[in-house]
K.L.:
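Structure in structure tokens, see below.
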Protein chains: 2
Amino acid sequence: MPRASTTSDAFNAVAEPRRRDILSFLVSEERPVNDIVATLNLPQPSVSKHLRVLLEVGLVDVRRDGRQMFYRTNAEAIRPLHEWTGTFERYWRNQLARVKERAEASEKPK
Amino acid sequence: MPRASTTSDAFNAVAEPRRRDILSFLVSEERPVNDIVATLNLPQPSVSKHLRVLLEVGLVDVRRDGRQMFYRTNAEAIRPLHEWTGTFERYWRNQLARVKERAEASEKPK
DNA sequence: GAATTATATTCCTATATAGGAATATGTCAA
DNA sequence: TTGACATATTCCTATATAGGAATATAATTC
């Protein structure tokens, strides 16, 4: 069995660094495809393909205006990832606290 | 070109749902491989392979004790994902606020 | 309707999987 | 040293890519 499809969920879609770049670029306002191509310096077909993946998993929305397609990040779709990773937060906090404690203990050995 | 390797970074490693299950299971305390096998109901070789991927990207640590290998989630390695997704938080907040406004506006049409 | 602009799709290929089965390695205990 | 237990590795296969090149579709303007 190969890996799960990139379009199977947001986790898989977001594993590709270029797609993360696109999401960051499209987060504050909608942009036509050409803006993405120009700003991220990627071949146009490549951008179109990445956008298709992002669209399929709901990470972006589109709107057509004349011959331009305006894409925009759907931040809501990123939320589940933030929440899943957030379940580990208290643990890295604890780890950091422990590291700090040890550092201070060895600084003042008495 | 195929997709980036699962071991290329935490984003790729975490795209696989079984690996996420393993990370959640190992977060509060270290566990021998057999515990993972028993609890998550997966074939032992499969678990070993997933652990190898997680280990390579630093998402887990290991310690050997006799014939057992104790694995534990390294929460710190998940932090970058939480931070990246966190950059979108204000946008989904805004989206929600807008949705709410509209809902209230249509509730009281005057 | 022909040319132009904007975007999407198709075809190609090399490659890295995940899972299953079988087997190997490593450690302890009698 | 033999056997039992715990974990890791190897071999196999089907499949889904990402990127490049070429082309298709769609909308606009002249």
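To find a chain, count down the sequence lines: A is the first, B the second, and so on, and within it residues start at 1. Quick note: numbers below take in every heavy atom, side chains included, and nothing from hydrogens, waters or symmetry partners.
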K.L.:
Between B/H82 and A/W84, is the ring centroid distance below 6.0 Å?
P.N.:
no
K.L.:
In whole Å, what is the span from the CD atom of A/E16 to the C1' atom of C/dT15?
P.N.:
15 Å
K.L.:
Tell me what B/F70 touches on the nucleic acid: a base, only sugar-phosphate, or nothing, going by heavy atoms under 4.0 Å.
P.N.:
nothing
K.L.:
For B/L54 and C/dA18, give me the distance from atom CG to atom P, rounded to whole Å.
P.N.:
10 Å
K.L.:
Rounded to whole Å, please give me the gap between CG in A/N34 and P in D/dA27.
P.N.:
17 Å
K.L.:
Check whether B/F70 forms a cation-pi arrangement with B/R31 (NZ or CZ under 6.0 Å from the six-membered ring centre, at most 45° off the ring normal).
P.N.:
no
K.L.:
Per the atom types in the model, does the base of C/dT7 pair as donor or acceptor with the side chain of A/R67 at under 3.5 Å?
P.N.:
no
K.L.:
Quick check on DNA chain D: between B/D35 and B/A4, whose nearest nucleotide comes earlier from the 5' end?
P.N.:
B/D35
K.L.:
Between B/K49 (NZ) and D/dT13 (C1'), how many Å, whole number?
P.N.:
12 Å
K.L.:
At 4.0 Å (heavy atoms only), tell me whether A/P45 reaches a base, stays on the sugar-phosphate, or touches nothing.
P.N.:
base
K.L.:
Using whole Å, report how far CD1 of B/I22 lies from C1' of D/dT7.
P.N.:
14 Å
K.L.:
Mind checking if A/S48 touches a base, just sugar-phosphate, or nothing, with heavy atoms under 4.0 Å?
P.N.:
base
K.L.:
Rounded to the nearest Å, what distance is computed from the NE2 atom of residue A/H50 to the P atom of nucleotide D/dA18?
P.N.:
6 Å
K.L.:
Could you give the CE-to-P distance, from B/M69 to C/dC28, as a whole number of Å?
P.N.:
12 Å
K.L.:
Verify the contact: side-chain N or O of A/Y71 to OP1 or OP2 of C/dA6, cut-off strictly under 4.0 Å; return yes or no.
P.N.:
no
K.L.:
So what does B/P32 hit on the nucleic acid, given a heavy-atom distance under 4.0 Å: a base, only sugar-phosphate, or nothing?
P.N.:
sugar-phosphate
K.L.:
Hey, is the side chain of B/T6 poking within less than 4.0 Å of OP1 or OP2 on C/dT17, counting only N and O atoms?
P.N.:
yes
K.L.:
Please determine, for the side chain of B/Q44, which listed nucleotide (C/dA16, D/dA8, D/dC11) has the closest atom?
P.N.:
D/dA8
K.L.:
Figure out the CZ/C1' separation between B/R3 and C/dT15, and round it to whole Å.
P.N.:
12 Å
